[in-house]
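All of these numbers come straight from a predicted model, not from anything done at the bench.
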Amino acid sequence: MKRRRGIIDRFEGDLAVVEFGEVMEDIPKSRLPDSIQSGDVLWFYEDGKVEIDAEERQRLSKEIDRLMDELWED
């Protein structure tokens with residue numbers, strides 16, 4: 001089954017703004033898991049199922065922290 005990865009960028013009212021690569025899409029929060037937060041990595045399946053990928057969020061967070069440390073090194 002095909003799936004695509006999205007990252008929650010932010011919320012605007014009843015919508016979640018989800019980043020799919022370089023494309024942003026507004027998705028009703030009602031179609032997403034209740035516990036979602038900005039920065040969550042989600043997998044969207046063809047059948048409409050949506051899963052949170054906590055491990056991928058943690059990996060991306062560590063990568064961002066590493067890049068920020070490199071940027072601010074003396």
Greater than 12 external heavy atoms within 6.0 Å of [X]'s [atom1]:
| X | atom1 | answer |
| --- | --- | --- |
| D69 | CG | yes |
| E46 | CD | yes |
| R31 | CZ | no |

Subject >> Nearest atoms (heavy-atom pairs only) where A16 meets I8 >> reply: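 Closest approach of A16 to I8: CB-CD1, 4.1 Å.
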Original post:
How far apart are the closest heavy atoms of V50 and P33, and which atoms are they?
Top reply: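 Nearest pair, atom of V50 first, then P33: CG1-CD, 3.9 Å.
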Which value, rounded to the nearest 0.5 Å, describes the distance between [X] atom [atom1] and [Y] atom [atom2]?
| X | Y | atom1 | atom2 | answer |
| --- | --- | --- | --- | --- |
| L71 | R66 | CG | CZ | 11.5 Å |
| D9 | D40 | CG | CG | 12.0 Å |
| K29 | E12 | NZ | CD | 10.5 Å |
| I7 | E56 | CD1 | CD | 7.5 Å |

Subject >> Carboxylate-amine/guanidinium contact R3 E51, below 4.0 Å >> reply: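 Judged by the 4.0 Å cut-off on N to carboxylate O distance, R3 and E51 do not form a salt bridge.
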Original post:
Does the pair E25/R4 count as a salt bridge with the N-to-O cut at 4.0 Å?
Top reply: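 Yes, E25 and R4 are salt-bridged.
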Subject >> Single-linkage hydrophobic cluster F11~I27, side-chain heavy atoms < 4.5 angstrom >> reply: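 In one cluster: yes.
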Original post:
Are I36 and V41 connected in the hydrophobic side-chain network, where two residues link if heavy atoms are under 4.5 Å apart?
Top reply: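 No.
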Compare all side-chain heavy atoms of [X] with those of [Y] and state whether any distance is below 4.5 angstrom.
| X | Y | value |
| --- | --- | --- |
| L32 | L42 | yes |
| E19 | R5 | no |
| I52 | S35 | yes |

Subject >> Cation-aromatic face contact K2/Y45, 6.0 Å, 45 degrees >> reply: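 Checked: cation-pi criterion not met.
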**OP:** Please identify each residue that fulfils ring pair (Phe, Tyr, Trp, His ring centres under 6.0 Å) with F20, with sequence neighbours left out.
**Re:**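 Result, ring pair (Phe, Tyr, Trp, His ring centres under 6.0 Å) vs F20: F44.
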Original post:
Do D47 and M1 pass the side-chain contact (heavy atoms from CB on, under 4.5 Å) test, and can you show the C-alpha distance, the side-chain angles, and the key distance before you say yes or no?
Top reply: CA-CA 8 Å; D47 64 0; M1 178 180 303; 3.7 Å; yes
